[in-house]
Amino acid sequence: QFFAHDVFYLLKNPQAQRFQNLLLFQQVCGAVDYAHKHGVIHRDLKPGNIIIGGADDVYVIDWGTAKYSTSRSVGAGPLWLPNQFQPHDTIFGRVEGTPAYMSPEQASGGKAKITEQSDIYCLGAILYEILTGHTPIVFQGSLDALLAEILQGKIQSPQKRFPQLTIPGDLNQIVMRCLALQPSDRYASLTILVDDVNTFIEGSKERERSLMEAKRRTDLGRKLLQNE
């Protein structure tokens, strides 16, 4: 078994593994969607809470911060931070979750309701990191500064921030829709998100088949010309 971080980001050629990672990402979405349909919001989705088995079976773990969607309760009390805090660490208290992946409503410290769209934001942050190797927001300075940046929602798209990676426009749009500042602007459900990712995968496969067929015909034409 491997943590998703090891599978997604420690690859020699992430571009070549894009489809494999997207298929794994779809499984993660499926697991979280199952929880959502049973009224449970995870609230701390990140690669460190995803395990991938030897047969590419995906497990979402660490449901300690999960809440029922009907509950309006939020964290309370002072923040609990691990020693030498890093943005990939889970925090508890008035703000709960992992700052590198948490939604603006989580960063607000209870001023906004946590919904299924909060998990969709977290999944968008994971997808952003799958495509770029970086989280959407760069950690600079204190935790309060990071939370303030999350609340502003000023995230550069993967294409704009990393033009050298040639990230497809469809995937760029999917990521940014997940990371919309307002929950109502995000995907209404994970089913729709998975459908969009699947549409990209199938479209890319079709384009690849078309390119291979074009190459085959070109090679055949060259051989015929050489034989004349």
Side-chain angles (χ1 to χ4, degrees), residues 2-33 36 45-48 50 52 56 58 60 88 100-104 116-138 149-150 153-219:
F2 303 89
F3 284 105
H5 188 282
D6 299 322
V7 177
F8 288 153
Y9 316 129
L10 301 185
L11 298 169
K12 293 182 179 179
N13 188 358
Q15 298 281 59
Q17 300 292 335
R18 179 175 286 162
F19 288 143
Q20 176 190 349
N21 287 342
L22 289 175
L23 291 172
L24 294 172
F25 178 75
Q26 284 184 306
Q27 289 193 59
V28 175
C29 290
V32 179
D33 188 40
H36 285 180
L45 294 166
K46 58 183 177 180
I50 300 167
I52 300 172
D56 283 351
V58 172
V60 177
H88 289 72
Y101 305 92
M102 71 167 50
S103 65
E116 288 83 355
Q117 278 62 46
S118 305
D119 278 351
I120 289 175
Y121 182 101
C122 298
L123 289 166
I126 293 172
L127 183 56
Y128 191 109
E129 194 169 4
I130 288 174
L131 297 176
T132 68
H134 299 268
T135 52
I137 295 178
V138 180
E149 193 167 352
I150 295 170
K154 296 179 180 179
I155 297 174
Q156 275 194 316
S157 72
Q159 277 187 336
K160 185 174 181 180
R161 186 177 170 194
F162 302 98
Q164 72 278 14
L165 295 180
T166 61
I167 294 168
D170 291 346
L171 286 180
N172 192 73
Q173 291 179 4
I174 290 171
V175 170
M176 296 310 292
R177 183 174 176 184
C178 290
L179 295 175
L181 179 60
Q182 299 300 328
S184 59
D185 292 330
R186 299 173 203 155
Y187 282 95
S189 72
L190 282 171
T191 301
I192 303 173
L193 169 57
V194 169
D195 284 347
D196 275 2
V197 173
N198 191 61
T199 297
F200 169 79
I201 292 173
E202 292 304 317
S204 297
K205 287 180 179 178
E206 182 58 35
R207 287 191 292 272
E208 186 176 346
R209 284 192 290 266
S210 297
L211 289 172
M212 290 179 65
E213 177 61 19
K215 183 179 183 302
R216 185 189 70 80
R217 292 182 180 182
T218 300
D219 292 344

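The basis for the numbers below is simple: all heavy atoms, side chains too, and nothing from hydrogens, waters or symmetry mates.
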Checking Phe25 against Val58 for the side-chain contact (heavy atoms from CB on, under 4.5 Å) test, could you report, in this order, the C-alpha distance in whole Å, the side-chain angles of both residues, the deciding distance, and whether it holds? CA-CA 9 Å; Phe25 178 75; Val58 172; over 6 Å; no
For the atom pair CG (Leu45) and CD1 (Ile50), what is the distance rounded to the nearest 0.5 Å? 6.5 Å
Can you name the closest pair of heavy atoms from Glu149 and Val138 and give their distance? OE1-O, 3.8 Å
Is the shortest side-chain heavy-atom distance between Tyr128 and Cys178 below 4.5 Å? no
About how many Å separate NZ of Lys160 and CD1 of Ile155, when rounded to the nearest 0.5 Å? 13.0 Å
Provide the closest heavy-atom pair for Asp33 versus Thr191 in the form atom of the first, atom of the second, distance. OD2-OG1, 3.3 Å
With rounding to the nearest 0.5 angstrom, report the CD to CG distance, Gln159 to Leu131. 10.0 Å
How about Leu127 and Leu22: do any of their side-chain heavy atoms sit closer than 4.5 Å? yes
Any His36 side-chain heavy atom under 4.5 Å of Asp119 side chain: yes
Atom pair CG/CZ of Leu23 and Arg18 - distance to nearest 0.5 Å: 13.0 Å
Measuring from atom CZ of Arg186 to atom CG of Leu193, what distance do you get when rounded to the nearest 0.5 angstrom? 12.5 Å
Look at the aromatic rings of Phe19 and Phe200 and report parallel, tilted or perpendicular, splitting at 30° and 60°. tilted
Which heavy atom of Ala100 sits nearest to which heavy atom of Ala125, and what is that distance? O-CB, 4.4 Å
Counting C-beta onward and ignoring hydrogens, is there a side-chain heavy-atom pair between Pro158 and His134 closer than 4.5 Å? no
To check you understand the geometry: which heavy-atom pair defines the closest contact between Ile150 and Leu181, and what is its length? O-CD1, 4.3 Å
Distance, nearest 0.5 Å, that separates OH of Tyr121 from CD1 of Ile126: 12.0 Å
Taking side chain as C-beta onward, heavy atoms only, is Leu123 less than 4.5 Å from Cys29? yes
Take Leu24 and Gln27 through the side-chain contact (heavy atoms from CB on, under 4.5 Å) test and state the conclusion after the steps. CA-CA 5 Å; Leu24 294 172; Gln27 289 193 59; 4.1 Å; yes
